[in-house]
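Report on the following structure.
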Amino acid sequence: MKAIIIGAGIGGLSAAIALRRFGIETAVFEAVKEIKPVGAAISIWPNGVKCLNLLGMKEPLRALGGTMNSMAYYDFQHGHPLTRFSLDPLVAACGERPYPVARAELQAMLLATCGPEQVQFGKRVARVEQDDQGVTAWFEDGSEARGDLLIACDGTHSVVRKYVLGRTVERRYAGYVNWNGLVQIDESLAPPQQWSTFVGEGKRVSLMPVAGNRFYFFFDVPLPAGLAEDRNTLRDDLKRYFHGWAEPVQRLIEQIDPQTTNRVEIHDIDPFAQLVKGRVALLGDAAHSTTPDIGQGGCAAMEDAVVLANVLQAHSLGIEDALLRYQQQRADRVKDLVLKARKRCDVTHAREMATTRQWYEELKSETGERIISGMCDTILGGPLA
Ligand code: FAD
């Protein structure tokens with residue numbers, strides 16, 4: 001059996017690794033000549049970590065992951081802790097640690113595990129077609145590839161999605177802009193082994209440890225879409241948005257490098273139930289684009305890869321039957337993740353300020369139990385619970 005995989009992001013590479021482990025031949029086609037991940041880092045929660053462990057990356061992942069032992073929310077003006085708690089109960093309940101990792105390093109680990117020779121770069125798929133025997137993908141350079149099945153991991157702007165659904169879906173602007181990057185760990189910003197978040201005014205500033213003595217940082221600000229982006233004014237823009245915020249936030253704004261700080265307007269897509277058409281399956285952001293508010297988009301792509309490989313290996317009634325089983329096992333799970341993230345997004349980013357103020361109040365009496373219980377629900381809903 002040969003699978004054509006479109007896209008060499010987290011989803012495509014995880015899928016290639018997973019399928020090859022079961023002896024399925026794969027050929028990965030990636031549009032760009034060199035992958036430049038859109039964000040600086042990503043938190044891989046235990047559901048994603050377990051998928052990567054299963055795919056043979058236990059040790060390299062541990063080496064890339066930051067040590068995140070606790071979690072805290074701080075009042076935006078004074079920097080006082082609203083709540084602070086250990087993540088040990090989450091680790092115990094889920095049977096694995098969370099690992100925040102730098103994206104470029106995650107991408108390199110996946111590529112090394114997959115085998116760089118498996119990936120053909122500079123191959124942008126233009127259209128796909130299938131018949132009773134297989135699937136053909138045509139690329140913009142005029143070349144084509146043929147396989148028994150095709151896994152579309154071509155991201156949130158997927159071109160194969162339209163082929164599968166028979167319609168175009170619009171991305172939905174979630175109402176906020178996210179700036180993210182990496183800085184050296186500095187204890188005057190936040191404790192080094194903690195996920196620390198300053199909240200107020202519907203905005204947030206967050207710091208998470210990754211390997212190499214670095215913090216992954218991000219700033220979220222509710223803003224209209226389409227504002228001009230200028231690295232030369234980035235520091236001043238952040239100073240303006242976070243005027244009056246606590247000292248560590250001001251220090252962080254001074255320490256970031258505007259040239260390597262990413263700016264992303266956050267979008268998602270209304271969940272849809274159809275993930276496959278015959279021999280073609282959608283995987284990762286092509287199948288479910290979510291806001292990053294529960295840190296699950298990449299983890300869900302890893303789950304997709306594991307489930308897909310499993311159904312192809314475990315069932316012998318043909319490719320179309322196996323892909324339908326993949327859809328059955330994934331559609332509700334990914335819908336749940338997208339909608340949970342959207343709900344969290346709205347509370348965090350003041351879609352209704354009264355609800356957000358109520359959340360700030362609740363944080364003052366939070367022991368960690370409620371937050372950890374919510375996170376465990378999400379994590380343990382995955383295929384390797
Ligand atoms: P992508 O990473 O977008 O990869 C798609 C690949 O397909 C790209 O390499 C692209 O070049 C290629 N491609 C596109 N079109 C074509 C074509 N026509 N032909 C061939 N190739 C093509 N997730 C988490 O789990 N935890 C987090 O903490 C987290 N934080 C996030 C923070 C931010 C700010 C954002 C924006 C997202 C975050 N996510 C997080 C989500 C995560 O980044 C995505 O869910 C994940 O990258 C999806 O992987 P993918 O492989 O499906 O898509």
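For ligands, and for the atoms within them, numbers begin at 1 and follow the listed sequence. For this chain, numbers begin at 1 and follow the sequence in order.
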**Q.** Expected output: side-chain E352 to main-chain A354 donor-acceptor under 3.5 Å
**A.** no
(Q) With ring-ring contact (aromatic ring centres under 6.0 Å, His included) as the test, pick out the partner of Y73 among Y360, W359, F198. (A) W359
Q: Check whether any N or O atom of V125, backbone or side chain, sits under 3.5 Å from an N or O atom of ligand 1, and answer yes or no.
A: yes
Q: Examine ligand 1 and decide if any of its atoms is less than 4.0 Å from a heavy atom belonging to G48.
A: no
Q. Which ILVMFWY residues can you reach from L337 by hopping between side chains whose heavy atoms are under 4.5 Å apart?
A. I294
Q) For ligand 1, is R103 a contact, meaning one of its heavy atoms is under 4.0 Å away? A) yes
Q: Check whether the side chains of D220 and Y241 place a donor and an acceptor atom closer than 3.5 Å, and report yes or no.
A: no
Q: Check whether any heavy atom of H157 sits under 4.0 Å from an atom of ligand 1.
A: no
Q: Looking only at distances, please establish whether an N/O atom of ligand 1 is found under 3.5 Å from an N/O atom of N178.
A: no
Q: Look only at interatomic distance and state if A286 has a nitrogen or oxygen under 3.5 Å from any nitrogen or oxygen of ligand 1.
A: no
Q. Based purely on interatomic distance, does I10 place a nitrogen or oxygen under 3.5 Å from a nitrogen or oxygen of ligand 1?
A. yes
Q) Within the structure, does N180 bring an N/O atom to less than 3.5 angstrom of an N/O atom in ligand 1? A) no
Q.
If we count only N and O atoms by modelled type, under 3.5 Å, do the side chains of T233 and D237 hold a donor and an acceptor together?
A. yes
Q.
Just to be sure I'm reading this right: ignoring hydrogens, which of A301, G155, G298 gets closest to atom 25 (O) of ligand 1? Compare them by their nearest heavy atoms.
A. G298
Q) Would you say D285 and ligand 1 have an N/O pair spaced under 3.5 Å apart? A) yes
Q. Can you find an N/O atom of V159 closer than 3.5 Å to an N/O atom of ligand 1?
A. no
Q. Taking heavy atoms and a distance under 4.0 Å, where does E303 meet ligand 1: side chain, backbone, both or neither?
A. neither
Q. Distance only, no hydrogens: is a donor on one side chain within 3.5 Å (strictly under) of an acceptor on the other, for Q194 and R84?
A. yes
Q) Can you list every side-chain hydrogen bond (donor to acceptor under 3.5 Å, both in side chains) pair that touches residues 368-385, not counting sequence neighbours? A) K340-T378, E366-R370
Q. Which ligand 1 atoms are under 4.0 Å away from a heavy-atom of C153?
A. 5 (C), 6 (C), 7 (O)
Q. Looking at ligand 1, does any of its N/O atoms fall within less than 3.5 Å of an N/O of A41?
A. no
Q. Checking K277 against Y163: charged group under 6.0 Å from the ring centre and within 45 degrees of the axis?
A. yes
Q: Could you tell me whether E30 and ligand 1 have an N or O pair separated by under 3.5 Å?
A: yes
Q: Hey, could you give me the SG/CH2 distance between C51 and W45, rounded to the nearest 0.5 Å?
A: 15.5 Å
